[in-house]
Number of protein chains: 4
Amino acid sequence: MSPRTEKQLAEHRTAKREQIVSDALFLFATRGYFNTSISDIAKEVKMSKGLLYSYFENKEQLLNAAIDFALKEATELNLTEDQLKELTPKEIIKEIIEGFFTVLEEKKELWSLIVSLAIHVGSIPSVHTTISKVYKDLTLQLQELFVSMGHPDPENEAFKLGALIDGIGIQYMVFGESYPLRKIKENIINGYMNQKK
Amino acid sequence: MSPRTEKQLAEHRTAKREQIVSDALFLFATRGYFNTSISDIAKEVKMSKGLLYSYFENKEQLLNAAIDFALKEATELNLTEDQLKELTPKEIIKEIIEGFFTVLEEKKELWSLIVSLAIHVGSIPSVHTTISKVYKDLTLQLQELFVSMGHPDPENEAFKLGALIDGIGIQYMVFGESYPLRKIKENIINGYMNQKK
Amino acid sequence: MSPRTEKQLAEHRTAKREQIVSDALFLFATRGYFNTSISDIAKEVKMSKGLLYSYFENKEQLLNAAIDFALKEATELNLTEDQLKELTPKEIIKEIIEGFFTVLEEKKELWSLIVSLAIHVGSIPSVHTTISKVYKDLTLQLQELFVSMGHPDPENEAFKLGALIDGIGIQYMVFGESYPLRKIKENIINGYMNQKK
Amino acid sequence: MSPRTEKQLAEHRTAKREQIVSDALFLFATRGYFNTSISDIAKEVKMSKGLLYSYFENKEQLLNAAIDFALKEATELNLTEDQLKELTPKEIIKEIIEGFFTVLEEKKELWSLIVSLAIHVGSIPSVHTTISKVYKDLTLQLQELFVSMGHPDPENEAFKLGALIDGIGIQYMVFGESYPLRKIKENIINGYMNQKK
DNA sequence: AATGAATGAGTTTTCATTCAT
DNA sequence: AATGAATGAAAACTCATTCAT
C-alpha cells in the first residue's frame, strides 16, 4: 500500500528469493529432489506457483540455486580473513574439521543434499559442474595446508581427510542419534594435532 | 510332447530375474531410483513392462531386490571360510579393504546405489532396515578385528575405517578417472599394516 | 487489479464440481463404474484429467460423491416440512411412491446407479456404509408410517414396499419404454389407498 | 495315459466346460465382472489360460455362458412336468415363489449376478438379449397363471410379483443375514393363497 | 491337449509448466 | 505483482489375448 522505491522492491525480491531457495533446500534435502514438487515448495513459501516461476525458470534451476546455497553455508568458516592469518595450518585444519561437524549437527539437511547429489552427479548434468568444482576447491585447500605443514604426501592426505569427512556424514545419516559424533570428532582432531610439526 | 522341460523353464526364469535385477541396479545407481522408470528398465532388459511385473510385484520390490544383490556382491570377500581362518586380523583387514577397492573399480554402480540409499535411508521405508543392518554388521565385523589386533579404541577405529571407505567411494564418483584410487589404496593399507602388532 | 473476484471463483468451482458429479453419475450408471474411465469422464465434462483430479482425490471419492448426489436427489420429496405435517400417513406413502416413480422416469440413471451399487455393496468398502444406511433409513421411515396407519405387520409391509419399488426399477431397466410404468404406479397407489384406515 | 474313445473325450470336454462356467459364475457374481480377471478364473479352475481360451473365444463369451447357466439354475423348478400338471395355478405360484427363495438362500451369487447384469443390461450388448428374454418369459408365465386364476389384471399382477421377487433379492444383498427372509416368504405366499379363488 | 511366457493397449494418478484474469 | 485454473506428457501398474514350445 505504501509506495516503494525501486531499491526497496529489489531488496524485497532478493529476500524473497533467498527464502525460496532456503525452503526448497530444506525440502529437497529431507524428501529428495524427485519427491518434492513445485507445489510443495510454493506451499512451504506461501506463494503461488506462478509467482515462484517468476523467480526461477524451472525446477532444475531452483535446484542449482539450492546447491549453491548449501555449499556456501556448509563450507563457510566462522572465521574472518584476519583471524585466519593468525592461525597455524594445524589450527586451520582443526577449524575446518570442527566447522564440518558443526554443520553436520546443526544443518543435517545441507550435507544430506550435497552428498546425495555428489553421488548422482551425472544424472542431472547442470549439477555436475557445481558440485565437482567445490570438491576440487576443498581438496586443494586442504592439500595446501598439508604442504605448509610439511606433510610427506599432501595430496593423499587431503583426499583422505575429505573422504573421512564425507563418510562420517553418511554414517551419521544411517546410524542417527546413536552415532558417537562427538567422540569421533575429538579422535580425528587429536590425530591431526599430535602429528609431528 | 510334455509341456517342455520344466527344469529348463525354471532355470530360464531365474536367469532372467537376475538379469533384470542387475540391469535395474545399473540404472538405479547411475540415474537414481526416481529418475529411472519401469519403462526404462523394460527397455534395458528388452522385455515388456507386463512381463517385468510378473517377476516383481512393483517398483519398490525390484529396488529391494537390487539392493540385496548390490549388498551381497559388494560385501562378499574373495576368500573361503578356510582361507579366512589362516589369516591374521591384520591380513583380513587388508583383504576387506582390497575387496572394497576392487568392487569400486569393477562395479562402480554397486557402491553408488548403496551409498545414495544410505543417505536417503528414511524416504523409502522398506529399504531402511536392510541398509542400516548392513552398516551395523560391517562396523561390528571391523570392530572385532580391531579388538583382536589389540587396538586401544576399536569402536572408534571401526567407524573411521568405514567412513573412509564410504568417503573414498564418493570422491571416486565425483572426480571420476582422475581420482588416484590405486595410490590411496596402497596408502591406507600400508597405514594399517604398519600399526604395531 | 486484485486477483479477480474471489467469490466468483469459488462459485465457479462449486458449479463445475456439481457438473462433474452429475456427468460422472450418468456415466457410472449407464456404463457401470468399472467400465467408465476417468478419461471418459474428463471427456464428457470437457476438462483435462489433471484438472478433474484437483476436484476429487481419486476415482473412488468421485464415486462416493456421485452416490451422495444420487441418494439426495432420489429420496428427496417435493414437499416442505410444513406440507408434510398436514398429510395423513396414507397420503405421505402416496407421496413417497409417486416421488419414486417420478425419479425413475425423469432420472433413470440415479436409480440404476444406486441399485447396482446396492447389489455389489461389498466390493467397494467405502461405499458399503453409505448405501446400506440409506436402505435402513428408508425402511424405517416406511415402517413408522405403517405403524401409524395401524398396519398389523408394519416391518414386513415396509420391506415389501421397499422391495416392490426396487424391483420395479429393475424391470424398467430391462424392459425399457415398453414397461407400463404409469399403470403399475396407479395400481400400487390404489392398493395402499384402499386399505382399511 | 489310458487310451480314450472319442466319446469319452467329448464328455470330458463338456464336463470341463461346465466346471469353467460354474466357477466363472461364482467369481463374476461375488467380485463383479470387471473385477474378475481371466487369470483369476484359470486359477480357480486349475487350468492354464491358454486352455481356457480353447473353450471360450473371449471373456464376454464366457460371461454369456455364465449368465445362461445362472438363469437356468435360478428359474428351474424342482418339479417334473407330470407333477406340474397335477397342481392348481395357485399351487404353482407357491412353488415358483418358494423356488425363488430357495435359490436366494442357497445360491446367493446366482441372483447377485443376474440382477447386476439386468441393471447394466445396456453396457454389454451381447448380454442384453439373453437377460431381457428371460425376464419376458418369466413374466409371461406368471401372467398366464394369474389368467387361469381369474385375476382381474393378470399383466399387472405378474409384473408386481416379478418386481417383488427382484426387490427382495436386492434387500437380502444389502441387509445380509439380518434380513427376515423366511418371514417375508411366508407373508407373500399367504397373500397369494388367501386370494379368492 | 496344455502351458505360461510374452505383449501392448489401457487405466489411474502426478506434476512441471503456462496463462487468463 | 500475484493467483491458481488448466494442460498434457509421463509414470506405475493391469489384463485380455496370443503363441512358441
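Proteins get letters first, then strands, A, B, ... in listed order; numbering begins at 1 in each.
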Say whether, by atom type as modelled, one donor and one acceptor occur between the side chain of [X] and the main chain of [Y] under 3.5 angstrom.
X	Y	result
B:S22	B:E18	no
A:D40	A:S37	yes
A:N64	A:Q61	no
B:S112	B:K108	no
A:K59	A:T36	yes

How are the rings of C:F28 and C:Y33 set to each other: parallel, tilted or perpendicular (split at 30° and 60°)?
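Perpendicular: the ring planes of C:F28 and C:Y33 meet at over 60°.
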
In whole angstroms, how far is the [atom2] atom of [N] from the [atom1] atom of [X]?
X	N	atom1	atom2	answer
D:N35	E:dT11	CG	C1'	13 Å
B:R13	E:dA5	CZ	C1'	8 Å
B:F34	E:dC15	CZ	P	11 Å
D:Y33	F:dC15	OH	P	13 Å
A:I41	E:dT17	CD1	C1'	13 Å
A:L27	E:dC15	CG	C1'	15 Å
C:E11	F:dA5	CD	P	15 Å
A:D40	E:dT14	CG	P	12 Å

Test item: C:L62 and C:L52 side chains (from C-beta on) under 4.5 Å apart, heavy atoms:
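Sidechains of C:L52 and C:L62: in contact.
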
If you take any heavy atom closer than 4.0 Å to DNA chain E, which residues from residues 42-56 of chain A end up in contact?
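Heavy-atom cutoff 4.0 Å gives A:K49, A:G50, A:Y53.
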
Taking only the side-chain heavy atoms of C:I38 (C-beta and beyond), determine which of F:dA6, F:dC15, E:dT13 contains the nearest atom.
E:dT13

Considering Watson-Crick and G-U wobble pairs with both distances under 3.5 Å, what does E:dA20 pair with?
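Partner of E:dA20: F:dT3.
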
For E:dT11, which nucleotide in any strand shown is its Watson-Crick or wobble partner with both distances under 3.5 Å?
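Partner of E:dT11: F:dA12.
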
